[in-house]
Structure formats: C-alpha cells, structure tokens
Amino acid sequence: MKDSAPTTSSPLKVPFFHASLGEAEKKAVCDVIDSLWLTTGKVTQGFEEDFKAFTGAKHAFAVNSNTSGMILAMDACGVKAGKAVITTPYTFVSTAACAIHLGAEVRFADIEKDSYSIDPEKIEEILKKDTKHEICAIVPVHIAGNLCNMEKICALARAYSTPENKIYVIEDAAHSFPSKTKRGYAGLLGDAGVFSFYVTKTITTGEGGMVTTNNDELAKRIQIMRMHGMDRNAWDRYTSPRASWEYDIIECGYKFNLPDILSALGREQLKRANLFFEERKKIVERYNAAFKDCDYLQLPPDGEGNAWHLYLLRIKPEKLNCDRNTFARELQADGIGISMHFIALFKFTYWQKRYADFTAENYPNAAQHTDNTITLPLWPEMPDEMVETVINSVRKTGEKHKK
C-alpha cells in the first residue's frame, strides 16, 4: 500500500484495478523495440526459463492468453469430439468454451456451499455415470486464487481412469499465481496448469498466459501445437544458420505464441510477484478486519496457498432489505470500481440453448454465489486512503440497508 494515489484517468474515486508498472517494465519493452525483434524469441524463451525456475515446473510454454493455453492443454490431454470434460459453472466462459472449440462436451459440477471451488463430490457423481468412458479431463478453477481440493480431485481422476481412458486434471490457474501449497505451486498439482497474465491478473503482460506441466508427452504436444504444428519456431528459423524456409508442418496447429515485447513485461513482473502478493495480503487483512463484525456480510473463503487475486465479498440477503445489485450500484455511485466474479454460465443464452438441464435450480450453490457476490478493488500499491474509502462505502451501504 502507498500513501498517495497513482496517476489515473479513471473518474472513479477507487479504480477496480491499477496495473503496477514502473521504469523496469518500460526499459525492458524499449530494449525489445531497440533489438528490432518483437515476436517470439530469446526474451520469451527467457520468460519461460524464469517461470520454470520460480515454480519448479519441468516445462513452461508462454502463450498469448489463458484461453489459448487452455486449448493447448486440453488438446494435449485428448479433449476432442466424442469426449467430455468436467468443470464448474462458476467460472469465466473460456474455461468451458475451450472444450467446445475442440469438439468435446462439457459436464458441469456445482461448487461447494461455503466456497467458490468445484465440489469433488459432484465431480464423482458425474464420473459414476460415465459408463461410456467419455470423460477425459477434469478442469478445476482456482477462483480468486483460493485453491480447489486438488488432493481429492486428482485422486478421483486416478480412481476413475481406465487403461483405455486416462482422465487428466487440467488446472485453470488464471487466478492463482503465485499460489503454493506443501505439494508445490498451483498449475503443477494436476497434469497441466494454465495461468493468465491479463492486465488485471497478479502479474501481467497486458495479454498472455503460461502453460505448465511435468509430463513430457503433454509438453511435446503443446510445443508443436502452439505454433502451427511447425517443427521449428520463428527465432530458430531466422537466427539459425539452417535455411529459414526449411521446416515441416507435422500437425494442424494454432497461432498461440507470446511475443517478446509482451514477455519483456512478464519477466520484470515476475521479479516482483512475491512483493505484489504481500501487498495484496495487507489490503485483505484490512478488509477482513473491517467487515468481520458486519453480520450482513460474509468474508471470502481462505485456504492454503491462497494468492488473493480477488476479494469476493458476499452479502447476506436475509440480513438486508436490498439485493446484491442494489448494493453494488450504491458502491458505484460512491465512486468504487467494483466487479462481479462470476456470472455462472447457466445465466448465459448460449449455454442455456446448448444444455437444457443447465439451470440455476440444478446448481444451487453457484446460483446463490452468483447472486450475492461483489468483487472489491484489490491491487498492489493501492493507497491507504483508497482502501479506507472502499471500507467506508461498504459499511455505509450495509448499515443503510440492514434489517
């Protein structure tokens, strides 16, 4: 936290997010521009090596978004037509959409009652019904940086795998860097993990992501498919003594690589990842202290390895004479930049059309959390006065509507 507000063009008193970028990031980007090599090259390779060193991952592949990384990970794990994945309805749309893009289907498991994490018991209910062995992957989502029960989820994947059908665990780790447990970093607790470096994430490249795995076979497939199915990358083709036009296309791949100009940001951000984490925790502690005695609010869940990417505050509608949307609009009227994480997927037209039974009634926990959650501003270098402004606005609004 800082004593004075950063320069911002936002009309809000407190922006929802403000990226922590400084002179080091500016210099790194300018160095790439001066090199005249802007696309994927030695800086991106350096970012991947840095990320492996930070997390202990055997393999790390920089990609242009979490979404593209998820497609690569799912493809490598055999997600395709005739197969299905299990994930949560309480997530951003890309988690499930990636499976659809690959021709697969999605089976949804509700979240736990007291957290935002996918419920292992609901996962097992789906696996028990899978008599055709079509489930090939489970995709837990570490909402807001609070980790799912990976021990139970991985045990289920092992228990229900068959010699003909291995069930992989792909972590949607978009919110969970640098989450770490006794077993290691999130993104390496299952078979593969996919991170996001979107502008609001815990470290940013503007747009971008990273796929991690310790599985050599998955890594080989991801590496090939990331760049058109080509057997050579651009850096090698244009810097190696071997002729640049000599390459082979060995698979029908994608264009999912991360350019050096963005990787330059990532390398500098990675150096401050732990500092950013500590600063977010300090703000969380202030929020928790301010809201813990408000009987109309429920504090966010907290568990081992929580990265505290987002602060998800739940209202208790039975204690208030207003709903979440009214509460949220009054915070906005006070100049607080709030958001909602997430709108459950069964609220959206596409998913309603695709799956007839995909309704709020069948996913009561996700429905309740969707209707009652507000995401408060939480970012490194957030000035003390902004934190206090958020706290005062939340308490004022709650006391106004308290029954």
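Note: hydrogens, waters and symmetry copies are ignored here, and every other heavy atom, side chains too, is used.
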| Any idea how H341 and F16 line up, ring-wise: parallel (<30°), tilted (30 to 60°), or perpendicular (>60°)? | parallel
| task | Could you tell me whether a side-chain N or O of N365 sits under 3.5 Å from a main-chain N or O of I111, the two making a donor and an acceptor? | result | yes
| message | In the structure I gave you, are the side-chain heavy atoms of L313 and Y287 within less than 4.5 Å of one another anywhere? | response | no
| task | Begin from the C-alpha positions of F327 and Y296 and carry the test ring-ring contact (aromatic ring centres under 6.0 Å, His included) through to its verdict. | result | CA-CA 12 Å; F327 200 110; Y296 47 83; 7.1 Å; no
| task | Give the intermediate values and the outcome of ring-ring contact (aromatic ring centres under 6.0 Å, His included) for residues H142 and Y116. | result | CA-CA 8 Å; H142 303 310; Y116 296 89; over 10 Å; no
| said: Could you check whether any side-chain heavy atom of D302 comes within less than 4.5 Å of a side-chain heavy atom of W308, counting everything from C-beta outward? | reply: yes
| request: Please report the C-alpha distance between T204 and Q269 in whole Å, then the side-chain angles of each, then the deciding distance to 0.1 Å, and finally whether the side chain to side chain contact (heavy atoms under 4.5 Å, CB included) criterion is met. | output: CA-CA 7 Å; T204 184; Q269 289 272 292; 3.4 Å; yes
| said: Between K152 and E124, does any side-chain N to carboxylate O distance fall below 4.0 Å? | reply: no
| Between CG of D191 and CG of L188, what distance do you get to the nearest 0.5 Å? | 11.0 Å
| query | Taking side chain as C-beta onward, heavy atoms only, is P364 less than 4.5 Å from D110? | reply | yes
| CD1 of I153 to OG of S117: how many Å apart, nearest 0.5 Å? | 7.5 Å
| remark: For V93 and L345, the nearest pair of non-hydrogen atoms, with its separation, is CA-CD2, 3.7 Å
| message | For E48 and K42: C-alpha separation, side-chain torsions, deciding distance, then whether salt bridge (Lys or Arg N to Asp or Glu O under 4.0 Å) applies. | response | CA-CA 10 Å; E48 292 170 341; K42 64 179 181 180; over 6 Å; no
| message | Below 30° counts as parallel, above 60° as perpendicular, anything between as tilted: where do the rings of W379 and F17 land? | response | perpendicular
| query | How far does CG of N288 sit from CD1 of I283, to the nearest 0.5 angstrom? | reply | 12.0 Å
| Does V139 offer a backbone N or O that forms a donor-acceptor pair with the side chain of T87 under 3.5 Å? | yes
| task | Answer whether the closest heavy-atom distance between the side chains of F54 and D50 falls below 4.5 Å. | result | no
| request: Kindly compute the distance separating CG (L275) from CZ (R280), expressed to the nearest 0.5 Å. | output: 10.0 Å
| message | Between K347 and D371, does any NZ, NE, NH1 or NH2 come within less than 4.0 Å of an OD or OE carboxylate oxygen? | response | yes
| query | Do S35 side-chain atoms and V32 backbone N/O form a donor-acceptor pair below 3.5 Å? | reply | yes
| So, K113 and D119, do they make that salt bridge, N to O below 4.0 Å? | no
| Under 3.5 Å, side chain of Y90 to main-chain N/O of F342, donor-acceptor pair present? | yes
| Is the shortest side-chain N to carboxylate O distance from R354 to E105 below 4.0 Å? | yes
| task | Would you give the length of the straight line joining atom CG of L270 to atom CZ of R272, rounded to the nearest 0.5 angstrom? | result | 11.5 Å
| query | Do T349 and Q352 have a side chain donor and acceptor closer than 3.5 Å? | reply | no
| task | Run the salt-bridge test on E278 and K281 with the 4.0 Å N-O cut-off and return the result as yes or no. | result | yes
| query | What do the steps show when you test R221 against D75 for salt bridge (Lys or Arg N to Asp or Glu O under 4.0 Å), and what is the final call? | reply | CA-CA 8 Å; R221 175 74 177 182; D75 169 89; 2.7 Å; yes
| message | With salt bridge (Lys or Arg N to Asp or Glu O under 4.0 Å) as the criterion, how do R286 and D384 come out once you've worked through the C-alpha distance, each side chain's angles and the decisive distance to 0.1 Å? | response | CA-CA 10 Å; R286 288 186 62 185; D384 289 341; 3.4 Å; yes
| remark: Quick note, side chain to side chain donor-acceptor pair (under 3.5 Å) partners involving residues 326-339, not counting sequence neighbours, are D323-T326, E330-K400, E330-H401, D334-S393, D334-K396
| Any N66 side-chain heavy atom under 4.5 Å of F195 side chain | no
| message | Ring-plane angle category for Y355 and F358, please: parallel below 30°, perpendicular beyond 60°, tilted otherwise. | response | perpendicular
| message | Against M225, only a single residue in F61, F256, Y254 fulfils side-chain contact (heavy atoms from CB on, under 4.5 Å); can you say which? | response | Y254
| query | Got more than 12 heavy atoms from elsewhere within 6.0 Å of NZ, K319? | reply | no
| request: Verify whether the ring centers belonging to F177 and F51 lie closer than 6.0 Å. | output: yes
| Under 6.0 Å between the ring centres of H309 and F277? | no
| request: Please assess K26 against D31 for the test salt bridge (Lys or Arg N to Asp or Glu O under 4.0 Å), listing each intermediate value before the final yes or no. | output: CA-CA 9 Å; K26 289 180 184 179; D31 286 347; over 6 Å; no
| request: Carefully, step by step, assess I138 and I167 under the rule side chain to side chain contact (heavy atoms under 4.5 Å, CB included). | output: CA-CA 7 Å; I138 303 170; I167 299 174; 3.9 Å; yes
| task | Decide if the gap between the ring center of Y350 and the ring center of F348 is smaller than 6.0 angstrom. | result | no
| Would you say the side-chain atoms of D260 pair up with the backbone N or O of T44, donor to acceptor, closer than 3.5 Å? | yes
| said: Counting only heavy atoms from other residues, nucleotides and ligands, does the tally under 6.0 Å from CD of E318 exceed 12? | reply: yes
| Judged by atom type as modelled, is there a donor-acceptor pair below 3.5 Å linking the side chain of W351 to the main-chain atoms of K353? | no
| remark: Correct closest heavy-atom pair for V79 and A137 would be CG2-CB, 4.1 Å
| said: Regarding H59 and N215, do their side chains bring together a donor and an acceptor under 3.5 Å, going by distance alone? | reply: no
| request: Please say whether more than 12 non-hydrogen atoms of neighbouring residues, nucleotides or ligands are located less than 6.0 Å from CZ in F92. | output: no
| message | Taking the side chain as everything from C-beta on, heavy atoms only, tell me whether P377 gets closer than 4.5 Å to I336. | response | yes
| field | Donor-acceptor contact present, side-chain N165 to main-chain S161, <3.5 Å | value | no
| Taking the side chain from E251 and the backbone from H228, do they hold a donor-acceptor pair closer than 3.5 Å? | no
| Just how far is it from atom CD of E171 to atom OG of S176, taken to the nearest 0.5 Å? | 7.0 Å
| query | Can you check whether Y198 reaches S65 side chain to side chain, under 4.5 Å on heavy atoms? | reply | no
| Is there side-chain contact between F197 and L265, with heavy atoms separated by less than 4.5 Å? | no
| said: Donor-acceptor check, side chain of N321 to backbone of K403, threshold 3.5 angstrom: yes or no? | reply: no
| field | Test item: R314 side-chain N/O and H369 main-chain N/O as donor-acceptor pair under 3.5 Å | value | no
| query | Is the closest basic N to carboxylate O distance between E304 and K180 below 4.0 Å? | reply | no
| query | Is it true that K282 and E279 have a side-chain N and a carboxylate O under 4.0 angstrom from each other? | reply | no
| So, are R107 and E125 salt-bridged, with charged N and O less than 4.0 Å apart? | no
